[in-house]
> 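Take this structure first; my questions come after.
For ligands, and for the atoms within them, numbers begin at 1 and follow the listed sequence. Every heavy atom of this structure was used, including side-chain atoms; hydrogens, water molecules and symmetry mates were not.
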Amino acid sequence: DDAGEEPKLTDGFHLVIDALKLNDIDTIFALPGIPITDLTRMAQAEGMRVISFRHEQHAGNAAAAAGFLTQKPGICLTVSAPGFLNGLTALANATTNCFPMILISGSSEREIVDLQQGDYEEMDQLAIAKPLCKAAFRVLHAEDIGVGIARAIRSALSGRPGGVYLDLPAKLFAQTLDAAAGKKSLIKVVDPAPRQIPAADAVKRALELLKGAKKPLILLGKGAAYAQADADIRALVEKTGIPYLPMSMAKGLLPDTHAQSAAAARSYVLQEADVVLLVGARLNWLLSHGKGKTWGQEKGAKQFIQIDIAPTEIDSNVAIAAPVIGDIGSCVAALLAGIDGKWAKPPAEWTGAIAERKDKNLSKMAATLAARPSPMSFQSALSVIRDQVKARPDAIVVNEGANTLDFARSIVDMYEPRKRLDVGTWGIMGIGMGFAVAAAVVTGKPVIAIEGDSAFGFSGMEVETICRYNLPICVVVFNNNGVYRGTDVNPSGSADVAPTVFVKNARYDKLMEAFGGVGVHATTADELEKALNEAVASGRPTLINAVIDETAGTESGRITSLNPSTAKKK
Ligand code: FYN
Ligand code: ADP
């Protein structure tokens, strides 16, 4: 035997880690367990950041938010069956939001699963994931790991971003391969999100329509925030002089205090505009499907220009007169190229009418914010947060709830792009702590999570995660003793409280203290202000239990009308 050395081997574990690292993915949001516990250990040993959660849904939400913030697919790693299912909610939500993420789940042995012989955590995960995400793959052989990861990355990032499922059966991790062959099998994905240049005639059609508008409006969505074309988007707004409206996660693309923001005249501009340029925003329920009273249908038809990377989005709800298909960076640049010094700004009649509405709403708002009622109102508490964000525009705001969401959206001004993460397209509760952890981990900036007390409950246990990694997150729980408010009464006479009511006067701050963070019980705006200042300045994990008037809050906030009410006569 003349072999001097044993051949160097690698294994499935290391090929997964090496493939991710080769593609500049340095963080995994995970929950260890069979069969991926060693994968988390080894990933950490190999220099990756492994953030380990208490429930997979929050690891998944963290991966989704990381994807939105960085344009790299966020990675969520879970165990099989139940862990996979917990992560799947986040994967489906990411896909709905057009955020790139990859859910990697360990799974049971194919031979047993496919014969349904009852394996440990048996489940045909690939089949279940498929209809809920953008793409789904399974890797059976270690030499295919490189291809599997490459396909997952490309699927998540190219075209309309979304969630991808990658199924890795337990046996795969232990498989060995010659190290050199293993290395050669990995793929560094070149140009994972290729630019898509819009057609010249589509750009021309859009510019002509925009030029002829008497009451033009630009509507910016979270696709525009994701695209990281901030300077060109701002230039498009400013060079055309067209008023713009940001969807909630597009707030801050231009500062909310910008003279051209029509946010405080939202109803008016939606009703009155004649030509609307949509940039990375879908005409879904959040925009009343582009029709009806919200859009002033009785005042005559609107014409839409829509920039989107997904051609099938066009005409999904109403006719789109000028679709511009491509990536937002390329599309906005192409429009800008057609806007010269001779571009006529919109008529003063239009901008003047908006300014008038806006001023009225702004001064109404200023009056409510100045009040200092006891107990605190949503507005008085939010005015404190508004001032803090003004002082620290680099801070990231996470926001969920019903009233807490709706009030915060209009009260807390944002000044920089991608600083606001919220319930998104589904209006989902439970994103709070997952999004907050991701925001802190990938940006290192202070995070302020503005949470309804109900919304917080969905991910509350992750305060332990926040403390464990010592993240600069300040959670403010708007505690009004229940879902929507705390005053509902059980009409039946039985001992149970009403379904929307929680334990009264709960102390969420103690939850943070239990894990070594700072807990503050704030009953006045001054107490809230002091605690928030300290939290942001120190970067210590903090939870402020902000006591809000339990009678405050309407059913479902500003979307009350979505609650069905019976047509049956009482
Ligand atoms: C906005 N407004 C302001 C300001 N900003 N007034 C003064 N100052 C400022 N800075 C005004 C604005 O003109 C509107 O008044 C009103 O405040 C509300 O504005 P908002 O919040 O932008 O608009 P609206 O109508 O609530 O928006 C519709 C929506 C939004 C569907 C896009 O509600 C939304 O994103 N909802 C998500 C809800 C959700 O997911 N909930 C979670 C589930 S809760 P007018 O112009 O007078 O109308 C389960 O129960
Ligand atoms: P909002 O909820 O803020 O209105 P949506 O999530 O409805 O925003 O819309 C985002 C849209 O942006 C989606 O239709 C998506 O296809 C599109 N989009 C996402 N990223 C890009 C991109 N880089 N270029 C073009 N369109 C994009």
> Could you check S261 against Y244 for side-chain contact (heavy atoms from CB on, under 4.5 Å), going step by step and ending with a plain yes or no?
CA-CA 5 Å; S261 168; Y244 74 96; 3.5 Å; yes
> Looking at non-hydrogen atoms alone, which of L287, L219, I328, D422 comes nearest to atom 27 (C) of ligand 2?
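Checking each option, the heavy atom nearest atom 27 (C) of ligand 2 is found in I328.
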> Mind listing the closest non-hydrogen atom pair of E56 and G87 along with its distance?
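Here E56 and G87 meet closest at CB-N, 3.8 Å.
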> For K504, does the NZ atom have more than 12 heavy-atom neighbours from other residues, nucleotides or ligands under 6.0 Å away?
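Counting neighbours around NZ of K504, more than 12 heavy atoms of other residues, nucleotides or ligands fall under 6.0 Å, so yes.
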> Counting C-beta onward and ignoring hydrogens, is there a side-chain heavy-atom pair between L245 and I218 closer than 4.5 Å?
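A side-chain contact is absent here, since even the closest heavy-atom pair is not under 4.5 Å.
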> Taking everything shown except K293 itself, do over 12 heavy atoms lie less than 6.0 Å from its NZ?
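For K293, atom NZ is not crowded (no more than 12 foreign heavy atoms under 6.0 Å).
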> Return the set of residues passing ring-ring contact (aromatic ring centres under 6.0 Å, His included) with F407 (not counting sequence neighbours), or none when no residue passes.
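Partners of F407 by the ring-ring contact (aromatic ring centres under 6.0 Å, His included) criterion, ordered by chain and then number, come out as F378.
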> Please work out whether any backbone atom (N, CA, C, O) or any side-chain heavy atom from C-beta onward of I307 is under 4.0 Å from ligand 2, and answer side chain, backbone, both or neither.
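It is neither; nothing of I307 touches ligand 2.
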> Kindly say whether V497 contributes a backbone atom to a donor-acceptor pair with the side chain of N490 at under 3.5 angstrom?
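Checking the backbone N and O of V497 against the side chain of N490, no donor-acceptor pair under 3.5 Å is found.
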> Could an N or O of ligand 2 be found under 3.5 Å from any N or O of R282, whether backbone or side chain?
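The answer is yes, given that R282 and ligand 2 share an N or O pair closer than 3.5 Å.
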> Any donor and acceptor pair, going by atom type alone, linking the side chain of N563 with main-chain N or O of T560 inside 3.5 Å?
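Looks like yes, one N/O pair under 3.5 Å.
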> For ligand 2, which is the ligand I care about here, please tell me if R160 has any N or O atom under 3.5 Å from one of the ligand's N or O atoms.
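Yes.
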> Under 4.0 Å from any heavy atom of G326, which atoms of ligand 2 are there?
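Those atoms are 24 (N), 25 (C).
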> Does an N or O anywhere in M247 fall below 3.5 Å from an N or O of ligand 2?
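Looking only at distances, the answer is no, because the N/O contact criterion of under 3.5 Å is not met.
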> Counting only N and O atoms by type, is there a donor-acceptor contact under 3.5 Å from the side chain of E400 to the main-chain atoms of G432?
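A pair under 3.5 Å: yes.
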> Starting from atom 10 (C) of ligand 2, what is the nearest protein heavy atom, named by residue and atom, and what distance separates them?
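Here the nearest protein heavy atom works out to G280 O, 3.1 Å.
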> Is there a nitrogen or oxygen of D308 sitting under 3.5 Å from a nitrogen or oxygen of ligand 2?
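Yes, since at least one N or O of D308 sits under 3.5 Å from an N or O of ligand 2.
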> May I ask you to identify the nearest protein heavy atom to atom 23 (N) of ligand 2, giving residue, atom name and distance to one decimal place in Å?
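Heavy-atom neighbour on the protein nearest atom 23 (N) of ligand 2: A227 CB, 3.9 Å.
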> Are the side chains of I396 and L421 in contact, using a 4.5 Å heavy-atom criterion?
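When only atoms from C-beta onward are counted, I396 and L421 do touch, with a gap below 4.5 Å.
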> Hey, is CZ on R357 packed in by over 12 heavy atoms from elsewhere, all under 6.0 Å?
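Enclosed.
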> Give yes if a backbone or side-chain nitrogen or oxygen of K222 is under 3.5 Å from a nitrogen or oxygen of ligand 2, and no if not.
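Yes, since at least one N or O of K222 sits under 3.5 Å from an N or O of ligand 2.
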> Take R485 and E550, measure what salt bridge (charged side-chain N to carboxylate O under 4.0 Å, His left out) needs, and give me the verdict at the end.
CA-CA 5 Å; R485 59 186 171 267; E550 70 166 359; over 6 Å; no
> Look at atom 18 (N) of ligand 2 and say which protein heavy atom is nearest, naming residue and atom and giving the distance to 0.1 Å.
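For atom 18 (N) of ligand 2, the nearest protein heavy atom comes out as G223 CA, 4.1 Å.
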> Quick one: look up the protein heavy atom nearest atom 26 (N) of ligand 2 and list residue, atom name and how far away it is.
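Result for atom 26 (N) of ligand 2: I309 N, 3.2 Å.
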> N/O to N/O below 3.5 Å, does that happen between C98 and ligand 2?
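So ligand 2 has no N or O lying under 3.5 Å from an N or O of C98.
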> Heavy-atom cut-off of under 4.0 Å around ligand 1: list whichever protein residues fall inside it, by chain and number.
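Residues within 4.0 Å of ligand 1: A263, A264, A265, R266, S267, W285, L286, N361, L362, M365, G401, A402, L405, D406, R409, S410, V423, G427, M429, Y484, S556, R558, I559.
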> Determine, using ring centers only, whether Y165 and F137 are less than 6.0 Å apart.
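Ring-ring flag for F137/Y165: false, centres at least 6.0 Å apart.
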> Just to confirm my output: which protein heavy-atom neighbour is closest to atom 20 (N) of ligand 2, and how far is it?
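Going atom by atom, the protein heavy atom closest to atom 20 (N) of ligand 2 ends up being Y226 CD2, 3.7 Å.
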